[in-house]
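Here's the structure, in structure tokens; my notes come after.
Not measured: the values here are computed from a predicted model.
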Amino acid sequence: MTQSISTARRPHGTLALRMYYVAAVSVGGVVLPFFPRWLEGRGMLGVRLGLIAAAAPAMNIIAPGAFGALADALHLRGGLLQIACAGALLAFGTLAVVAALGWPLGFGLLFSAAAVFALFRSPMSFVADLVAIELAPAAGTTYGRLRLWGSLGFIVTVPIATRYLDPNAPAAFPLVTSAIVLGALLASLRLPLRSHLAHVARPKGEPGRLRIAFDRDYVLFLAAVFLAQCGHAAYDLCFSFRLLELHARPSTFWVAWDLGTAAEVVVMAYSPAIFGAFQTSTLYAFALGAASLRWCALAAVKSVAVLLALQPLHALSFGLAWLASVGYASRRVSGDALGTAQGTFATATGAGAALGMVLWGSLYARAGASAVFAGAACFSAVACACAVGLHRRAGRRAGPEPMPNAP
């Protein structure tokens, strides 16, 4: 597949994309740990807190498919990212202004802002992946080596935010979040506005964007993604609770999270060699099997030291699994359907996370985090079985996949 990105745009495009990933993923390093606590400080408890928190998974199911189809229909890339960043900035910027003026932050405003932010946050992630997939080969790099900058941003943001950001201050949290989103918006202005692959001929037998939903291989892939993300939601929701059960010190929390993210960065940095030596479907099945074993270990662990020693497995259960799934979705289709493929992949991810949050939240209340991770291991094991089936359906290739296509 030939990419026609001009030489003049390559340095600016890759540098801008790295900076975009730093800002866009850093948003999660602020929102994930602080938004619920900030909402509680505004009097949002019980049902009201739950409704606001539900806006994100709901939009993660609805938004990606629509934005993915739009990306393909209009061949938009950087232009769509600019729209997404502007929408997310509007949401938290409004909250920052209202809080700074001392006006009341009621349920209606908070719910609306959360819904708008969640609507535009989803394309901020997967459309950037589209740009990286298309830009990387012509720029002499890989998707993984571009995406790792987002993980580095997360590693830096979490301890700084934990140390200096006060969730009880009405204006601080939305102001900091708005500033980071503004950084992502500024970086997106230097990215290619449109796809350069829209007119690439589709290989025979490859599904177009209107037939992806009926492609058996892709449906099996989406099933694996859904089940795997449902299992991984246990980590997002209950890992900190597992640390509490083991009586970990407060400083251990961000160390544990950053240790896992650092391991994921290593896999992304070495992704060309990894994906040059093994098939994507093989790596995906291996990653999901490793995830199942990791959740089993987290269910059984009895000490904080052992838990920290297990954290490098995040390189497999998330880092390798993410690269392999993005890689499979990008290889299954050509440029004119790439947005739709990544959008449906993001929808499956969001749906799995939404179901997982409901299941694991309920199970945690009744049986604790150890039982949650035991249940997550079962979901990941079934996802691994789906990935093995996908590998068998695809058939064994004569050798490793071409290095330029490595995630």
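Side-chain atoms of R121 and S125 form no donor-acceptor pair, as typed in the model, at a separation below 3.5 Å. A side-chain N or O of S26 and one of T157 form a donor-acceptor pair less than 3.5 Å apart. For Q311 and R294, the side-chain atoms include at least one donor-acceptor pair closer than 3.5 Å. In summary, the side chains of Y328 and D217 do not present any donor paired with an acceptor at a separation below 3.5 Å, with no hydrogens or angles considered. Checking S317 against W295 by side-chain atom types alone, no donor-acceptor pair falls below 3.5 Å.
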L227 and C386: CA distance, side-chain angles, deciding distance, side-chain contact (heavy atoms from CB on, under 4.5 Å) verdict: CA-CA 9 Å; L227 292 167; C386 290; 4.1 Å; yes

Worked verdict on S151 versus T261 for side-chain contact (heavy atoms from CB on, under 4.5 Å): CA-CA 6 Å; S151 300; T261 307; 3.8 Å; yes

Worked verdict on F92 versus F173 for ring-ring contact (aromatic ring centres under 6.0 Å, His included): CA-CA 9 Å; F92 270 102; F173 165 72; 5.5 Å; yes

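Within the 6.0 Å centre-distance limit, the rings of W322 and F345 are counted as a close aromatic pair.
Ring geometry for F35 against W38 counts as parallel: the plane angle stays under 30°, on a 0 to 90° scale with 60° as the upper cut. Using cut-offs of 30° and 60° on the angle between ring planes, the pair F239 and Y235 is tilted.
Taking 4.5 Å as the limit, every side-chain heavy atom of F67 sits out of range of all side-chain heavy atoms of P64. Side-chain contact between Q82 and L193 is present, with heavy atoms from C-beta onward closer than 4.5 Å. Side-chain contact between M357 and D236: present, with at least one pair of heavy atoms (C-beta onward) separated by less than 4.5 Å.
Nearest heavy-atom pair, I133 versus S330, reported as atom, atom and distance to 0.1 Å: CD1-CB, 3.7 Å.
A side-chain donor-acceptor contact under 3.5 Å links S188 to the backbone of L185. Within the 3.5 Å criterion, the main-chain N or O of A369 finds a donor-acceptor partner in the side chain of E245.
A salt bridge does not link R37 with E40: every distance from a Lys NZ or Arg NE/NH1/NH2 to an Asp or Glu carboxylate oxygen is 4.0 Å or more.
For the pair R147 and W149, the cation-pi test (distance below 6.0 Å, angle within 45°) is failed.
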